[in-house]
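Read through the structure below, which is laid out as structure tokens, and then see the notes.
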Amino acid sequence: MVSFYILYKKYPKEFSFTSFRQFIFNKNITKKVGLIFSLYILWRFFMVWFGLGIENPVSIIYMFINLPLMIVGGGFEEIGWRGYLQPKLERVIRYIPATIVVGIIWAIWHLPLWMIKGTVQSEISFSLYIIMTIILSFSFSTLYKYSENITLCVVAHAWYNACIGLAVYIGSDGYLRLDIGVKIFILYIIEFIVAVILGIIYNQRRDFMHGEHFKIS
């Protein structure tokens with residue numbers, strides 16, 4: 001968030017603290033947006049329960065307790081990824097390539113975490129992590145397109161970290177250990193397909209309203 005603000009402060013004629021605050025907070029949440037966001041939250045619950053098999057009430061409570069921490073420790077990234085980078089890339093390349101590029105950059109951003117034993121990232125391969133960030137890139141970009149509310153993306157990112165990043169089993173050695181099986185892969189695939197379709201539909205409608213010929217790849 002700090003880097004995002006510094007970047008925009010280089011252009012004082014186009015940007016001010018007031019516009020920065022309005023960009024993040026001053027967005028109306030319609031019933032449609034509220035429904036989309038609520039479905040997203042429930043989908044994460046389903047992933048934890050069905051995909052990861054987490055049913056312990058204490059683990060569920062931890063998700064809510066750690067949500068504020070995850071907002072600071074991950075959610076604010078959305079101001080840069082979806083709030084800045086995604087829209088900028090879509091001005092020069094098309095929707096699907098832009099979203100994939102953001103996902104890859106997002107994964108590389110977290111690369112140092114593979115050097116720290118005990119992190120969630122260190123328990124999975126980097127190639128698998130790239131696939132996951134690309135899928136999430138489509139999910140969060142779709143949420144942002146339909147809501148035009150970066151705050152919801154911040155909360156959605158933090159909620160993902162709280163649900164998936166913290167809904168893990170503690171290994172006998174005291175480090176975090178993810179239990180990724182077929183079910184969770186299926187759910188990720190479903191999420192990817194739905195997010196891509198919704199994103200394409202949004203861009204088609206937007207370009208139709210602007211009288212532009214739409215291309216996705």
Side-chain angles (χ1 to χ4, degrees), residues 1 3-4 7 23-24 27 33 36-37 39-44 46-48 51 70-71 73-114 119-121 124-166 178 180 184-207 214-217:
M1 181 176 67
S3 300
F4 177 86
L7 179 63
F23 169 71
I24 299 176
K27 297 288 184 179
V33 171
I36 293 173
F37 184 71
L39 290 175
Y40 175 88
I41 297 299
L42 292 175
W43 175 251
R44 292 293 173 231
F46 184 70
M47 291 185 74
V48 170
M70 292 298 102
I71 290 177
F76 281 145
E77 291 178 10
E78 289 304 305
I79 300 174
W81 301 139
R82 255 53 66 176
Y84 179 80
L85 183 57
Q86 180 84 27
K88 290 291 185 181
L89 281 177
E90 288 195 39
R91 293 180 183 179
V92 294
I93 59 178
R94 293 156 189 163
Y95 161 64
I96 289 180
T99 310
I100 293 173
V101 169
V102 173
I104 294 174
I105 294 175
W106 183 12
I108 295 174
W109 171 270
H110 291 87
L111 187 58
L113 293 176
W114 269 262
T119 61
V120 175
Q121 287 81 1
I124 61 177
S125 67
F126 185 66
S127 58
L128 176 59
Y129 187 78
I130 290 179
I131 294 174
M132 292 171 63
T133 53
I134 290 175
I135 293 174
L136 292 174
S137 184
F138 277 99
S139 295
F140 294 149
S141 66
T142 298
L143 177 61
Y144 184 57
K145 287 177 183 294
Y146 280 89
S147 68
E148 296 182 350
N149 190 317
I150 197 62
T151 301
L152 293 184
C153 290
V154 169
V155 176
H157 186 144
W159 183 240
Y160 173 84
N161 286 355
C163 289
I164 306 300
L166 294 178
L178 286 172
I180 300 178
I184 196 69
F185 276 110
I186 293 174
L187 293 179
Y188 270 116
I189 292 172
I190 293 173
E191 179 174 339
F192 173 72
I193 293 173
V194 172
V196 171
I197 291 175
L198 290 177
I200 291 174
I201 292 174
Y202 177 90
N203 281 279
Q204 286 179 330
R205 290 178 177 175
R206 179 201 62 190
D207 291 339
F214 178 74
K215 296 180 180 179
I216 61 174
S217 60

If the condition is side-chain contact (heavy atoms from CB on, under 4.5 Å), which residues does Ile36 pass it with, not counting sequence neighbours? Lys32, Leu143, Tyr146

Taking it one step at a time, do Ile105 and Trp81 satisfy side chain to side chain contact (heavy atoms under 4.5 Å, CB included)? CA-CA 9 Å; Ile105 294 175; Trp81 301 139; 3.9 Å; yes

Does Tyr84 form a side chain to side chain contact (heavy atoms under 4.5 Å, CB included) with Ile79? I'd like the steps, not just the answer. CA-CA 7 Å; Tyr84 179 80; Ile79 300 174; over 6 Å; no

Testing the basics here: between Cys163 and Val48, what is the closest heavy-atom pair and its distance to 0.1 Å? O-CG2, 3.3 Å

I'd like to check the side-chain hydrogen bond (donor to acceptor under 3.5 Å, both in side chains) partners of Thr99; sequence neighbours left out, ordered by chain and number. Gln86

Nearest-0.5 Å distance, CD1 of residue Ile150 to CD of residue Glu78: 6.0 Å

Can you see which heavy atom on Tyr144 is nearest to which on Pro87, and at what distance? CE2-CG, 4.5 Å

Which atoms form the tightest heavy-atom contact between His157 and Phe140, and what is the distance? CA-CZ, 3.6 Å

Does the pair Tyr40 and Trp159 meet the rule for a ring-ring contact (aromatic ring centres under 6.0 Å, His included), with working shown? CA-CA 10 Å; Tyr40 175 88; Trp159 183 240; 8.9 Å; no

Side-chain heavy-atom pair Thr142, Tyr202 within 4.5 angstrom cut-off: no

Under the side-chain contact (heavy atoms from CB on, under 4.5 Å) test, residues paired with Leu113 that sit two or more places apart: His110, Ile116, Thr119, Gln121

Kindly write out the residues that satisfy side-chain hydrogen bond (donor to acceptor under 3.5 Å, both in side chains) with Trp106, not counting sequence neighbours, or none if the list is empty. Glu77

Sequence neighbours left out, cut at 3.5 Å: what donor-acceptor pairs do the side chains of residues 186-195 make with other protein atoms?
| from | atom 1 | to | atom 2 | distance (Å) |
| --- | --- | --- | --- | --- |
| Tyr188 | OH | Tyr160 | OH | 2.5 |
| Glu191 | OE1 | Trp43 | NE1 | 3.0 |
| Glu191 | OE1 | Arg44 | NH1 | 2.8 |
| Glu191 | OE2 | Arg44 | NH2 | 2.7 |
| Glu191 | OE2 | Ser139 | OG | 2.6 |

Do you know which two heavy atoms are closest between Ile93 and Pro97, and how far apart they sit? CD1-C, 3.9 Å

With sequence neighbours excluded, what pairs up with Phe37 under the ring pair (Phe, Tyr, Trp, His ring centres under 6.0 Å) test? none

Okay, side chain of Tyr95, backbone of Asn203: is any donor-acceptor separation there less than 3.5 Å? no

Output for pair (Ile134 CD1, Ile96 CD1), nearest 0.5 Å, gives 12.0 Å

Using 0.5 Å steps for rounding, measure from the OG1 atom of Thr133 to the CD1 atom of Ile104. 7.5 Å

Which pair of heavy atoms, one from Asn161 and one from Gly74, lies closest together, and at what distance? ND2-CA, 3.9 Å

Point-to-point distance, once rounded to the nearest 0.5 Å, from OG1 of Thr151 to CZ of Phe76: 8.5 Å

In chain order, what residues pass the side-chain contact (heavy atoms from CB on, under 4.5 Å) check against Ser125, with sequence neighbours excluded? Ser127, Leu128

The side-chain hydrogen bond (donor to acceptor under 3.5 Å, both in side chains) partners of Ser137 (sequence neighbours excluded) come to Arg82

